[in-house]
Amino acid sequence: MVIILANNYKDISINDISYDIVGDMIDYPDDYKVEVHTLGNDSIVVDCGVKAKGGYEAGLAFTQICMGGLSSPFITHKKLKHEVFYPFIEVYTDYPTLACLAAQKAGWRISQEGYFAMGSGPARALALKPKHTYEVIEYEDDSDFAVIALEASALPSEKVMDYIASECGVETSNVVAIVAPTNSLVGSIQIAGRVVEVAVYKLNEMGFDTRHIISAFGSAPIPPVKKDPAVAMGTTNDASIYHGSVTLTVDGGNIKDFVAKVPSSTSKDYGRPFYTVFKEAKFDFYKLDPSIFAPAEIIVNDVSVGETYVAGGINADVTMESFGFKKV
């Protein structure tokens, strides 16, 4: 059986591509409203929202780097509900397995020296976090550079960067970390920018070989920034859960058997803002139904049979409730 893309991406280094992109942020920090820190071990940390203000440009660059440079995110203005227009991030990629599973997936829990962060981005492919993911998609990266994206409320220390370098098998001077907390503008943008990833990830978890996905497009509203990180976690998840729309172009793999199971509406936790459900679970992720982490709707065009399948739907009412819009 021929797997789509299986022989096409083995020469792609997602770390090399991302290292070039992050270089622009390092060279022109004022343009991105970020702050660049070179630590004592010569590693580089780019603050995109901890103390720095960040902005739309930084959010788009953060999203692109998270996806290994294999995406072209952009921001548009669309109707959220009735006459309410709002910024949306739209993301597309012709390498969805690499962009979403090899890079963007938040598969590295970093806990070192009292520092905690969720790690995503191309550096995971060097550290094999988690190893099973890379075995399934048959991908490896041997870059001399490591670029990691950290969702955290603080910047990593030299010891944390030493750990990341060691796990990735590269010199510490060749490691770059981009950092943004959940409750920041860049945090809101990059999490909404995971709308395609949640669909690809869920398909992978259900046993679908995502290498059959030729191209992917997704759209989600950029959540308003909340002061409370826990509330921000809720709104950023709700952007995809209740308003995320994903379109996949697929070649075979019996995708028809999976489509109806993808949308978030298949979860028992569906129907209320994520923060409400999470709070009732005493903020314990293990008490949540994992199937909630999915887009609101999915459209799949299977070119092998010339059919298009649709499942799920946008739930603007819960989106508006979660975002907390107040008419004045």
Side-chain angles (χ1 to χ4, degrees), residues 1-18 63-73 91-108 120-143 149 193-218 240 244-263 290-291 293-295 297-312:
M1 179 177 63
V2 177
I3 301 298
I4 299 300
L5 301 182
N7 297 315
N8 294 347
Y9 62 49
K10 290 182 179 179
D11 293 330
I12 295 176
S13 170
I14 53 179
N15 278 282
D16 284 353
I17 297 171
S18 297
T63 302
Q64 189 175 30
I65 290 166
C66 273
M67 300 184 77
L70 300 175
S71 69
S72 298
V91 178
Y92 64 90
T93 177
D94 289 325
Y95 296 89
T97 294
L98 280 192
C100 298
L101 299 183
Q104 195 176 25
K105 175 182 172 181
W108 191 352
S120 58
R124 288 181 40 247
L126 297 173
L128 300 179
K129 304 289 186 178
K131 185 176 181 179
H132 176 69
T133 294
Y134 300 94
E135 291 175 339
V136 168
I137 66 177
E138 298 180 313
Y139 176 73
E140 59 182 48
D141 191 356
D142 60 357
S143 176
R194 295 174 181 272
V195 59
V196 169
E197 183 235 325
V198 293
V200 175
Y201 172 78
K202 191 166 185 179
L203 282 168
N204 178 71
E205 290 294 296
M206 289 190 295
F208 179 76
D209 190 335
T210 62
R211 290 172 294 179
H212 285 284
I213 307 174
I214 301 172
S215 299
F217 174 91
S240 291
S245 179
V246 173
T247 300
L248 305 179
T249 303
V250 175
D251 191 351
N254 297 316
I255 186 64
K256 183 180 179 181
D257 297 339
F258 295 87
V259 176
K261 303 172 187 176
V262 173
S291 64
F293 299 105
E297 69 177 7
I298 184 169
I299 302 97
V300 180
N301 174 211
D302 184 350
V303 299
S304 70
V305 294
E307 298 289 348
T308 303
Y309 313 109
V310 181

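- Environment of OH in Tyr139: crowded, with over 12 heavy atoms of neighbouring residues, nucleotides or ligands closer than 6.0 Å.
- Side-chain contact, Thr97 with Thr210: a donor N or O sits under 3.5 Å from an acceptor N or O.
- The main-chain N or O of Ala125 is found under 3.5 Å from a side-chain atom of Tyr134 such that the two form a donor-acceptor pair.
- Looking at Asn15, its side chain does come within 3.5 Å of a backbone N or O of Pro122 through a donor-acceptor pair.
- If you run side chain to side chain contact (heavy atoms under 4.5 Å, CB included) between Tyr95 and each of Ile214, Ile213, Ile12, only Ile12 comes through.
- Taking the side chain as every heavy atom from C-beta outward, Met206 and Val262 approach each other to under 4.5 Å.
- With rounding to the nearest 0.5 Å, the separation of CG in Leu126 from OG in Ser13 is 7.0 Å.
- Summarising the local packing, CZ of Phe217 is surrounded by more than 12 heavy atoms from other residues, nucleotides or ligands at distances under 6.0 Å.
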Given side-chain hydrogen bond (donor to acceptor under 3.5 Å, both in side chains), test Arg194 with Ser120 step by step and report yes or no. CA-CA 11 Å; Arg194 295 174 181 272; Ser120 58; 2.8 Å; yes
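- For the side chain to side chain contact (heavy atoms under 4.5 Å, CB included) criterion with Lys105, the lone passing option out of Cys100, Pro130, Cys66 is Pro130.
- Checking side-chain atoms of Lys202 against main-chain N and O of Phe293 turns up no donor-acceptor pair under 3.5 Å.
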Thr249 and Asn301: CA distance, side-chain angles, deciding distance, side-chain hydrogen bond (donor to acceptor under 3.5 Å, both in side chains) verdict: CA-CA 5 Å; Thr249 303; Asn301 174 211; 4.9 Å; no
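- Under the rule for a side chain to side chain donor-acceptor pair (under 3.5 Å), the partners of Asp302 that lie at least two apart in sequence or sit in another chain are Ser304.
- With Ser245 contributing its side chain and Glu297 its backbone, the two residues share no donor-acceptor pair below 3.5 Å.
- Not counting sequence neighbours, Ser71 has no partner by the side chain to side chain donor-acceptor pair (under 3.5 Å) test.
- More than 12 heavy atoms of other residues, nucleotides or ligands shown are found within 6.0 angstrom of CD on Glu135.
- Around CG of Asp257, the count of heavy atoms belonging to other residues, nucleotides or ligands within 6.0 Å exceeds 12.
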